[in-house]
Amino acid sequence: MFPLQMSSFIFFIISPIMLYLLHPYAKERNLAIHLVWVMMIFVGLFSAYFHMTLSFVGQMLDELSILWVLAVGYSVWFPRRLFPSFIKDRSTFSSLVLVVTAITTVSSFVKPTANAYALNCFGLHLLYVLAAEMKCCNDQKVLRLAKLSVALWVLAITCWISDRFGCSFWQRLNFCYLHGIWHILIVMAVAYASTLVAYLDANYEIPYSLPGLQYWPCDKWAVGLPHIVLKGTPKTQKRC
């Protein structure tokens with residue numbers, strides 16, 4: 001279990017960096033956006049606790065923290081044009097998401113073994129939304145970020161499925177690190193995908209800020225953490 005506990009620390013490394021990198025965008029758009037990466041710190045904390053104790057409480061804390069990260073992400077970033085017809089503004093949509101998440105939180109105790117599969121199914125819906133958004137995009141930097149986000153998610157899910165259903169096989173090979181690799185890959189996938197969604201959101205909601213994509217620590221490197229730069233004049237009094 002030690003490698004799994006150690007791999008959970010990737011949450012504590014990436015989350016503060018992403019909070020710092022996305023702060024100019026969050027300050028201009030909505031500071032509630034920071035909740036996504038604040039919640040990711042709790043995901044890392046509860047994941048480490050679960051793998052140290054292998055307890056039911058640890059499992060539920062781990063899975064429910066992921067559920068609430070998704071809820072916050074949907075609340076602040078889901079495209080307005082894809083809102084159900086009976087919802088007219090983001091505050092109403094956010095309230096609906098929070099109510100559904102609260103109900104789901106309670107119902108997750110009914111059949112806990114299904115929780116992990118249900119959470120991963122959200123990825124399929126996010127892929128659908130991403131595909132819809134990318135249809136009208138010609139920016140190669142944005143398309144590259146989208147491809148990397150999907151690739152990281154696919155690799156992460158592959159590790160999770162292989163670890164879930166092939167655990168005995170990997171144990172015979174004395175290779176017990178797939179779940180730890182899953183932790184690392186999924187954090188990176190969230191970093192890439194959340195920045196992509198945030199960039200699209202900035203173009204819709206604060207186009208005057210002229211958002212652009214860069215990579216930290218060096219924009220010229222082939223790999224790095226993506227973040228948003230605002231090239232336009234800030235109007236911090238605007239809130240959506």
Side-chain angles (χ1 to χ4, degrees), residues 7-26 29 33-34 36-37 39-41 43-44 47 66 69-70 72-74 76-79 82 119-163 177-206 209-231:
S7 67
S8 295
F9 280 98
I10 190 71
F11 291 88
F12 304 114
I13 296 171
I14 299 298
S15 297
I17 296 174
M18 292 304 297
L19 282 167
Y20 170 75
L21 292 176
L22 291 177
H23 181 66
Y25 155 71
R29 175 70 174 90
I33 286 163
H34 280 323
V36 172
W37 284 103
M39 287 296 298
M40 284 293 287
I41 295 174
V43 172
S47 176
I66 297 171
V69 167
L70 290 168
V72 173
Y74 270 89
V76 299
W77 282 325
F78 196 73
L82 297 180
L119 286 171
N120 280 309
C121 286
F122 277 99
L124 298 177
H125 181 249
L126 293 173
L127 282 177
Y128 167 77
V129 174
L130 179 60
E133 292 293 310
M134 290 297 100
K135 282 183 179 179
C136 54
C137 179
N138 297 316
D139 189 320
Q140 290 304 310
K141 200 166 189 177
V142 177
L143 292 172
R144 177 177 177 270
L145 181 58
K147 292 174 183 177
L148 287 172
S149 301
V150 173
L152 285 167
W153 180 78
V154 169
L155 285 173
I157 290 296
T158 300
C159 287
W160 183 83
I161 292 174
S162 183
D163 177 65
Y177 307 110
L178 277 180
H179 200 82
I181 296 172
W182 144 260
H183 283 168
I184 296 169
L185 289 173
I186 201 63
V187 172
M188 294 305 298
V190 172
Y192 276 64
S194 64
T195 302
L196 173 62
V197 173
Y199 172 79
L200 297 173
D201 172 78
N203 274 290
Y204 286 134
E205 304 288 355
I206 50 172
S209 66
L210 303 178
L213 288 173
Q214 287 188 4
Y215 288 84
W216 181 88
C218 180
D219 193 44
K220 295 181 180 179
W221 290 5
V223 293
L225 289 176
H227 64 99
I228 299 171
V229 291
L230 304 181
K231 304 172 185 177

Which atom names give the shortest non-hydrogen contact between [X] and [Y], and what distance separates them?
X      : Y      : answer
Gly224 : Tyr192 : O-OH, 2.6 Å
Ala189 : Trp153 : CB-N, 3.9 Å
Pro226 : Thr195 : O-OG1, 3.1 Å
Tyr215 : Arg144 : OH-NH1, 3.3 Å
Glu133 : Pro79  : OE2-CG, 3.8 Å
Met40  : Val187 : CE-CG2, 4.5 Å

Original post:
Got a sec, which residues hit side chain to side chain contact (heavy atoms under 4.5 Å, CB included) with Thr158, two or more places apart in sequence or on another chain?
Top reply: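 Testing Thr158 for side chain to side chain contact (heavy atoms under 4.5 Å, CB included), a comparison that skips the adjacent residues, returns Val154.
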Original post:
Under 3.5 Å, is there a donor-acceptor pair between the side chain of Lys141 and the main chain of Leu213?
Top reply: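 Confirmed, Lys141 side chain pairs with Leu213 backbone.
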Is the closest side-chain heavy-atom distance between [X] and [Y] below 4.5 Å?
X      : Y      : result
Pro211 : Asn203 : yes
Ile41  : Phe11  : no
Ser209 : Tyr25  : no
Ile17  : Trp37  : no
Val36  : Met18  : no
Val142 : Met134 : yes
Asp163 : Trp182 : no
Leu19  : His23  : no

Nearest-0.5 Å distance, [atom1] of residue [X] to [atom2] of residue [Y]:
X      : Y      : atom1 : atom2 : result
Ile228 : Tyr199 : CD1   : OH    : 9.0 Å
His183 : Trp160 : NE2   : CH2   : 11.5 Å
Cys121 : Leu126 : SG    : CG    : 11.5 Å
Leu200 : Leu130 : CG    : CG    : 7.5 Å
Leu145 : Gln140 : CG    : CD    : 12.5 Å
His179 : Ile186 : NE2   : CD1   : 10.5 Å

Original post:
Hey, which of Leu155, Ile157, Ile10 is the one that makes side-chain contact (heavy atoms from CB on, under 4.5 Å) with Leu185?
Top reply: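 The passing option is Leu155.
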Original post:
Given Met188 and Leu225, is the side-chain contact (heavy atoms from CB on, under 4.5 Å) satisfied, shown in steps?
Top reply: CA-CA 8 Å; Met188 294 305 298; Leu225 289 176; 3.7 Å; yes
**OP:** Assess whether atom CZ of Phe12 is packed by more than 12 heavy atoms of other residues, nucleotides or ligands within 6.0 Å.
**Re:**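 Yes, enclosed.
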Subject >> Other residues, nucleotides, ligands: >12 heavy atoms within 6.0 Å of Tyr20 OH >> reply: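 Counting neighbours around OH of Tyr20, 12 or fewer heavy atoms of other residues, nucleotides or ligands fall under 6.0 Å, so no.
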Subject >> Set of ring-ring contact (aromatic ring centres under 6.0 Å, His included) partners for Phe122, sequence neighbours left out >> reply: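 None.
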Subject >> Partners passing salt bridge (Lys or Arg N to Asp or Glu O under 4.0 Å) against Asp201 (at least two apart in sequence or in another chain) >> reply: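 Counting only residues at least two positions away or on another chain, Asp201 forms a salt bridge (Lys or Arg N to Asp or Glu O under 4.0 Å) with Arg29.
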